[in-house]
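I have placed the structure first, in the form of structure tokens, so that the comments after it can refer back to it.
The sequence lines fix the lettering, A, B, ..., with proteins before strands; numbering per chain opens at 1. In this text, all values refer to a predicted model and were calculated from it rather than measured experimentally.
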2 protein chains.
Amino acid sequence: MAGTTKTIGAVERAFDIVEALERLESAGASAVAEELSLSKSTAYTHLHTLHEQGYLHKTDGEYRLSGQFLRLGTTVQQGYPVYRHGRAHVEELADRTGERANLVVEERGKGTCVHAANASGRTDGAMIRGERRHMHATATGKALLAHLPAERVDEIVETHGLPSFTDHTITSREELESELAEIRETGIAIDAEESIDGLRCLAAPILVEGTAYGSVSVSGPAREFADPERDAELSEAVRKAANVIELDFVFE
Amino acid sequence: MAGTTKTIGAVERAFDIVEALERLESAGASAVAEELSLSKSTAYTHLHTLHEQGYLHKTDGEYRLSGQFLRLGTTVQQGYPVYRHGRAHVEELADRTGERANLVVEERGKGTCVHAANASGRTDGAMIRGERRHMHATATGKALLAHLPAERVDEIVETHGLPSFTDHTITSREELESELAEIRETGIAIDAEESIDGLRCLAAPILVEGTAYGSVSVSGPAREFADPERDAELSEAVRKAANVIELDFVFE
DNA sequence: ATACCTTTTCATCGATAGTGAACGTGCTGG
DNA sequence: CCAGCACGTTCACTATCGATGAAAAGGTAT
């Protein structure tokens, strides 16, 4: 099980460099070598290779990730069925509520943000496209977990554990189970400052024939959601959006 | 100039596989090996490596590009100054005109789409995020070429040539020069079905202190733009959008 | 002109990426 | 129900090729 098979070092290094460039924004061979403790010539050959392949471009002698990654990302995004069916509805949700709205799928045991729409322009703490977060600590993640097969949930918890991010993060298996049961009843998953202090999030699963294809959410400052009426209003909006997306799936 | 330096084969192969997966949507080791004429075990080891790195995920025994590419793409997008300053204005342009609006930068001698907004939902022929097109055959490309240093234009034409895509594509250097001069005068670049039959596009450069940071455009079916009044109206809207973005740059 | 950066090139050597054959498994069709 | 097929996966082997340090080539500021 523990994937002992050989991996290709050069490829790992190449992606390490890509990630280093993501962090550094732009850098030359020396800076990359420094950042990753590689020999200057190794860094150079890798950068040269990636450049020739079109994945980097050079400005003022420094390398940057090129639009090829944007193209790949766009293709990936459009490959998610939930994106094709949900995109417009998520944007509408954001407009209607005036809050940040997200569309999330499960991938490799984590919640991956497939689309994000913000009416307010605020982005503090909210997920950005492609970002992965632990499922047990997010509303969207819990909405998905609540409708995944039990064995898959086991697997996910085993792989990623239940790390704590704030004082409110769920850290025990029992607590998680009872919360998932509640989510199945109410149809709404709540992240009450469990992943980030001050951030509240409400999510609903997108269920088609019993399978969870993703989840939708709105999120914003916990203070603003404090009012129970506002909370109920937003819950309803989220549930409704999920429902509309489900219908979109059916009338493919 | 001709980059004779050694490149790393394993890395090239890895990206070939990524691109193959982009085309195939999802595939197993055998399918990838077939597609790229690799030995099954080589394809397997590469897929395994990319999977371990988190760049692929497995569903029903088939590999797919993962959200990591979406994350990288998002980072790249947000790294373009023109995106940060122009995003909102491009969306407004699309809303106001009811047409598709694009934001483009020059990268490696081609026009790379940094953001695309469509009010209509139509996407036929329009650029998608990250897509690269020849500059001489697109309105956005020509708007940029018109304000690039002459030597850079030479370089670009030398590297990529002036390939023809429709009956209206510019294919001679002189024709291009005179058109660029006209663009500098009018402030508007026109793609009259030069890259794709039936597609018309109007673009304006985003100039800050004489440097072209990118270009904005609207595009749609050539028929709809036929009316000279509509054309003038759209030209004005595009020019105005470019101007607003330029101002956004200045008041950073 | 000098010193100190950088990027780029080169020859060398040991690790490793690619290979084909073999194993295990799940499916399909006879 | 079994045979056969195709797939993913593993393995041992070896030529290849990626990593390396040193040094050349280019650039900039002192």
Would you confirm whether [X], through its side chain, and [Y], through its main-chain N or O, come within 3.5 Å as a donor-acceptor pair?
X      : Y      : result
B:T171 : B:S164 : no
B:S217 : B:C201 : no
A:S215 : A:A204 : no

Side-chain donor-acceptor contacts of residues 36-43 of chain B below 3.5 Å, not counting sequence neighbours, with atom names and distances?
residue, atom, partner, partner atom, Å
B:S39, OG, B:S41, OG, 3.4
B:S39, OG, B:T42, N, 3.2
B:S39, OG, B:T42, OG1, 2.9

For [X] and [N], what is the distance between atoms [atom1] and [atom2] respectively, to the nearest whole Å?
X     : N      : atom1 : atom2 : value
B:L36 : C:dG18 : CG    : P     : 12 Å
B:D60 : C:dT25 : CG    : C1'   : 17 Å
B:L38 : C:dA17 : CG    : C1'   : 12 Å
A:E34 : C:dT7  : CD    : C1'   : 16 Å
A:L47 : C:dT8  : CG    : C1'   : 12 Å

Polar pairs (N or O, both sides) under 3.5 Å between protein and nucleotides 16-18 of chain D?
residue, atom, partner, partner atom, Å
D:dG18, OP1, B:G9, N, 2.8
D:dG18, N7, B:K6, NZ, 3.3

For [X], enumerate each residue passing the salt bridge (charged side-chain N to carboxylate O under 4.0 Å, His left out) test, keeping only those at least two apart in sequence or located in another chain.
X      : value
A:R71  : B:E22
B:R173 : B:D154, B:E177
B:R152 : B:E106, B:E155
A:E35  : A:R23

Checklist entry - Who passes side chain to side chain donor-acceptor pair (under 3.5 Å) against B:T74, sequence neighbours left out? => result none
Scan nucleotides 6-10 of chain D against the protein and return all N/O pairs shorter than 3.5 Å with their distances rounded to 0.1 Å.
residue, atom, partner, partner atom, Å
D:dG8, OP1, B:A29, N, 3.0
D:dG8, OP2, B:S30, N, 2.8
D:dG8, OP2, B:S30, OG, 2.5
D:dG8, O6, B:K40, NZ, 3.3
D:dT9, OP1, B:K58, NZ, 3.0
D:dT9, OP2, B:Y63, OH, 3.4
D:dT9, O5', B:Y44, OH, 3.3
D:dT10, OP2, A:T5, OG1, 2.6
D:dT10, OP2, B:Y44, OH, 3.2

Checklist entry - Between the side chains of A:R108 and B:H51, does any donor sit under 3.5 Å from an acceptor? => result yes
Next on the checklist: Can you pull out every salt bridge (Lys or Arg N to Asp or Glu O under 4.0 Å) where at least one residue sits in residues 54-68 of chain B? Sequence neighbours excluded, please.
Outcome noted: none
Checklist entry - Does B:Y213 have any ring pair (Phe, Tyr, Trp, His ring centres under 6.0 Å) partners at least two apart in sequence or in another chain, and if so, which? => result B:F249
Between the protein and nucleotides 26-30 of chain D, list every N/O to N/O distance that falls short of 3.5 Å.
none

Checklist outcome for this item: Rounded to 10°, the angle between the first-five-pair and last-five-pair axes of the helix from C:dA1-D:dT30 to C:dG30-D:dC1 is 40°
Next on the checklist: Tell me which one of A:V32, A:I17, A:L56 satisfies side-chain contact (heavy atoms from CB on, under 4.5 Å) with A:H46.
Outcome noted: A:I17
